[in-house]
Each structure stands twice: as structure tokens, then as C-alpha cells.
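What follows is one structure encoded as C-alpha cells, with my remarks underneath.
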Amino acid sequence: MTDAPLILGIESSCDETAAALLRGRTIVAQRIASQDDAHRIYGGVVPEIAARAHVEALAPMIEAVLAEAGVGLAEVDAIAATAGPGLIGGVMVGLVTGKALALAADKPLVAVNHLEGHALSPRLVDPDLEFPYLLLLVSGGHCQLLEVQGVGRYRRLATTIDDAVGEAFDKVAKIMGLGFPGGPAVERCAKDGNPKAFKLPRPLSGTDEPHFSFAGLKTAVLRTFQANPHAAADIAASFQAAVIDCLTDRTLKALAAAPDVTALVVAGGVASNAAIRAALTGLADARALKFVAPPGWLCTDNAAMIAWAGAERLAAGLTDGLDAPARPRWPLDPEAAPARGAGVKA
Ligand code: KG4
Ligand code: ZN
């Protein structure tokens, strides 16, 4: 793989600053700086603080990655930077940095959709994963089922009509005072609980279209916790069980609408949840589908997935000009109709 192009990836769309150098499927060097400590006291990501932290962290991080790999910018073949969707201040920091490096070193720029980074990341770790596959994309900002038909080619089968699933985990953690970031805290707490202790709703389960909804579940957790303030572990376990039922029910519906897929893939921050992975593994086995879940660190935000998406786009001849816009919203399937009943977030 030494002939494969060397790609510098840059990620700054939320609260992780990350840079990576990738050659083929080999991660030559990478760094990820989480801003958890800066946001913890607010219980959520503060966009202005995030953008400032990216400004401080990014340039020295790129220098460190290049130094670790023992290469200069001249030896990099292309720069791949996240251009959205995400918190616009942070996206601009990474994209403008990528543009400046591309201009200074006269290298091609690939303006990467962060969601495409997640969507293609399973192919970074599994060379045998071929298109089309069904992707369950579950992160802090998104909850979607997509048929991944090829690089840049997505058919959205479902989205959330209110909260993203990671957002629901984060809010449940906040309700029960479990800490930040919420997903891993809820998962840890749920380990000691009984998933059948509380009967929580499974919103939209059983409906024809495979869309998601988590607002009602979150409200049910709030009421249950108010009535049972010492039952955090049982509530966390019951919440996680309800989420798993929603995800598997909706995934089965989407599979029926995508008969050509041969693999089920889960990606995005929530995909690092072991109980969710186990449930999806069982579902894929029962359907004789290949199942791919990237390792936990590749599920949460990182720059290796951006470099990989950049490499896939570069190989397909898809590069961008220095006028590539930073996009706070950027759907993978612009043709998809809004989900019925969806609020502004859809
Ligand atoms: O993909 P990601 O790192 O950032 C976005 O693009 O949103 O996803 C972050 C989300 C957060 O909501 C976080 O609470 C959730 O993923 N998350 C988890 C777990 N680890 C991270 N949710 C459930 N269980 C986990 N172990
Ligand atoms: Zn993400």
C-alpha cells in the first residue's frame, strides 16, 4: 500500500479536534483532543468555546502528526477537511486551515461531509465491505438509516422526527446527574441495572416507515426518575433496552426496503455502545447479513475517518475548489423527503 496517496485529514465539527495522516488503510499518525473538560460544567457543548478551542489546538496538532510521521507537507498528496455538517464556528476553523494548507502546498482539497466520514469509516477497517450496505448512523446529532450505494451516493430510508439517539443518551445522563459525555455514563450505569425494571415507551416502533423518535422516551425517563430517584441503574438499563428495541425494530423495517444490501453497518458515536452492538450483531446473524461495526475510537469523532472519506473521494476524482463552503447543515441524501411529523431538526 506504499503507493497509495498520503492524506491529511482534519476534523473540527463538534467538540473533538483531530488530525490524521492516512496511507491506504494504514493510519500513519493521528491525534484526537477531546474538549470534554471545557464543556463539562455546562453539561453540553458550547459552540463558541468549541470554536476557540479548535483554533488553539489544530495547528500544533497538525504539526505533531506530520512530525510523528516524519513527513513534511510537500509529501502529503491531498488535504481532507470536514466542511460540515456541524457547529459552524468549528467547521470553519478546520476547513479554512485545510484550504490554507492546500493553497500553500499546492495540494488538492477534499471538503468532506462529516456524515460521509462516519458512513465510509467501516470500509477503512474492513477491506471486504462492499456497496451497497445498510448504515445505521447513530450519533449526537443524527439518527438515520441509509442505503450506502457508493461514494457520495446515499438513499436515506429513515431519520429522527425529534431527538437524535446520542442526544437522548446525553439528556438522560443529565436528568439523572450521571455526568458528561452522557452516552458512556449511561452505558456504565446500565450495567448494574435490570433492563426490565421499568416499562418505558418504544416510540414509533411497529410503524410502516422506519423513522425514529426519542423525545417521548426521554420524557418518560424524566418522570420515572422523579418518582424513583434511587433507581438510576434500573432506569438506565430500562432506557437502554428501549433504545435497543427501537433501533432493531426500525432497522428491520429499513432492511425490508433495501433488499439489495448484503451487510448491516453501524457507525457514529452511539455505535461504541456494547449492548447496542450486541443486539445488532444478533439481528444481522439472524438475517445472514455481514455485520460491521468500527472499533469504538473510530465510531466517535476522529480525523482518520475524514482522511479515509477523502481518500475514497480522491480515488473517485472528487476534489473541491478553495471556494468550498462550510455547511452547518448538509444531508447525505438531499433528495430525501422530510419525515412526516418532523420538527425543525429533521
Ligand atoms: O459521532 P459523535 O462522536 O459526535 C457527533 O457527530 O455527534 O457522537 C457523540 C454522541 C454523544 O451523544 C455521546 O453521548 C454518544 O455519541 N455516545 C454514546 C456512547 N459513546 C458515545 N452513546 C451511547 N453509548 C455509548 N457508549
Ligand atoms: Zn460524528
Side-chain angles (χ1 to χ4, degrees), residues 9-18 32-36 39-40 43-45 47 50 54 82-88 90-91 94 112-122 135-144 146 159-160 163-176 178-191 193 212 214 217-218 221 236-237 239-244 246-247 265-280 293-306 308-309 327-332 345:
I10 297 171
E11 161 59 32
S12 60
S13 66
C14 190
D15 60 342
E16 260 92 31
T17 313
I32 306 173
S34 158
Q35 304 172 0
D36 286 351
H39 301 291
R40 184 167 283 114
V45 179
H54 289 307
T82 297
L87 301 173
I88 193 65
V91 171
V112 174
N113 183 318
H114 177 87
L115 302 176
E116 181 157 58
H118 282 300
L120 298 178
S121 66
L135 170 71
L136 173 63
L137 178 58
V138 277
S139 72
H142 299 273
C143 188
Q144 301 187 355
L146 296 142
T159 187
T160 176
D163 293 346
V165 62
E167 201 176 351
F169 268 94
D170 292 334
K171 285 178 181 168
V172 162
K174 208 166 179 179
I175 288 167
M176 300 203 286
L178 298 179
F180 175 84
V186 171
E187 183 178 15
R188 269 194 307 276
C189 184
K191 286 207 172 84
F212 300 92
F214 295 103
L217 175 58
K218 176 190 68 191
V221 165
F239 163 76
Q240 201 170 264
V243 167
I244 287 170
C246 293
L247 295 180
V265 168
V266 63
V270 181
S272 57
N273 182 294
I276 292 175
R277 291 163 89 103
L280 293 170
W297 73 265
L298 190 55
C299 286
T300 48
D301 289 348
N302 65 85
M305 70 178 190
I306 302 304
W308 174 253
R327 303 170 67 167
R329 285 172 184 275
W330 188 0
L332 279 178
K345 285 185 189 165

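Owing to the predicted nature of the structure, the values given are computational and were not obtained by experimental measurement. Numbering of ligands and ligand atoms starts at 1, following listing order.
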Atom 9 (C) of ligand 1: closest protein heavy atom, distance to 0.1 Å, is G140 N, 3.7 Å
At under 4.0 Å between heavy atoms, which part of N273 makes contact with ligand 1: side chain, backbone, both or neither?
both
What's the spacing between S12 OG and L87 CG if we round to 0.5 Å?
10.0 Å
What residue and atom, counting heavy atoms only, is the protein's closest point to atom 14 (O) of ligand 1, and at what distance?
D170 OD1, 2.6 Å
Report yes or no: does P184 have a heavy atom closer than 4.0 Å to ligand 1?
yes
Within a strict 4.5 Å, meaning less than it, do heavy atoms of the D15 and H54 side chains meet?
no
Against ligand 1, does H114 come closer than 4.0 Å with any heavy atom?
yes
What residue and heavy atom of the protein are closest to atom 20 (N) of ligand 1, and at what distance?
S272 OG, 3.2 Å
For ligand 1, which atoms have a heavy atom of G141 less than 4.0 angstrom away?
7 (O)
With a 4.5 Å heavy-atom cut-off, do L136 and V265 have their side chains touching?
no
Heavy-atom nearest option to atom 15 (C) of ligand 1, drawn from V270, N302, L115, V172
V270
Keeping to distances under 2.8 Å, can you name the protein N/O/S atoms close to the Zn ion (ligand 2)?
H114 NE2, H118 NE2, D301 OD1
Using a plain distance cutoff, I'd like to know if E16 has any nitrogen or oxygen under 3.5 Å from a nitrogen or oxygen of ligand 1.
no
A164, A274, G183, A185: member with heavy atom nearest to atom 18 (C) of ligand 1:
G183
Using distance alone, decide if ligand 1 has a nitrogen or oxygen within less than 3.5 Å of any nitrogen or oxygen in G166.
yes
Below 4.5 Å, heavy atoms only, C-beta onward: do F214 and C246 meet side chain to side chain?
yes
Check for a donor-acceptor pair, side chain of E187 on one end and backbone N or O of A274 on the other, with a separation under 3.5 Å.
yes
Can you name the residues that form a side-chain hydrogen bond (donor to acceptor under 3.5 Å, both in side chains) with D301, not counting sequence neighbours?
H114, H118
To the nearest 0.5 Å, tell me how far T300 OG1 sits from I32 CD1.
6.0 Å
Residues in side-chain hydrogen bond (donor to acceptor under 3.5 Å, both in side chains) contact with K218, at least two apart in sequence or another chain
D163
Closest non-hydrogen contact found for P294 with V266 is CD-O, 3.1 Å
Under 3.5 Å, side chain of E167 to main-chain N/O of A164, donor-acceptor pair present?
yes
Numbered in order shown, the ligand 1 atoms found under 4.0 Å of a heavy atom of H118 are 1 (O), 6 (O)
Min over R188, E187, H142 of heavy-atom distance to atom 26 (N) of ligand 1 lands on E187
Using a plain distance cutoff, I'd like to know if T300 has any nitrogen or oxygen under 3.5 Å from a nitrogen or oxygen of ligand 1.
no
Under the rule for side-chain contact (heavy atoms from CB on, under 4.5 Å), what residues qualify as partners of P331, not counting sequence neighbours?
none
S272 and W297: side chain to side chain contact (heavy atoms under 4.5 Å, CB included), yes or no, with the steps?
CA-CA 8 Å; S272 57; W297 73 265; over 6 Å; no
Among protein heavy atoms, which lies nearest atom 3 (O) of ligand 1, and at what distance?
D301 N, 3.1 Å
Evaluate the side-chain proximity of I10 to I306: yes if any heavy-atom separation is below 4.5 Å, no if none is.
no
Are any of the N/O atoms in G269 less than 3.5 Å from those in ligand 1?
yes
Side chains of N113 and P85: closer than 4.5 Å at any heavy-atom pair?
yes
Any P181 heavy atom less than 4.0 Å to ligand 1
no
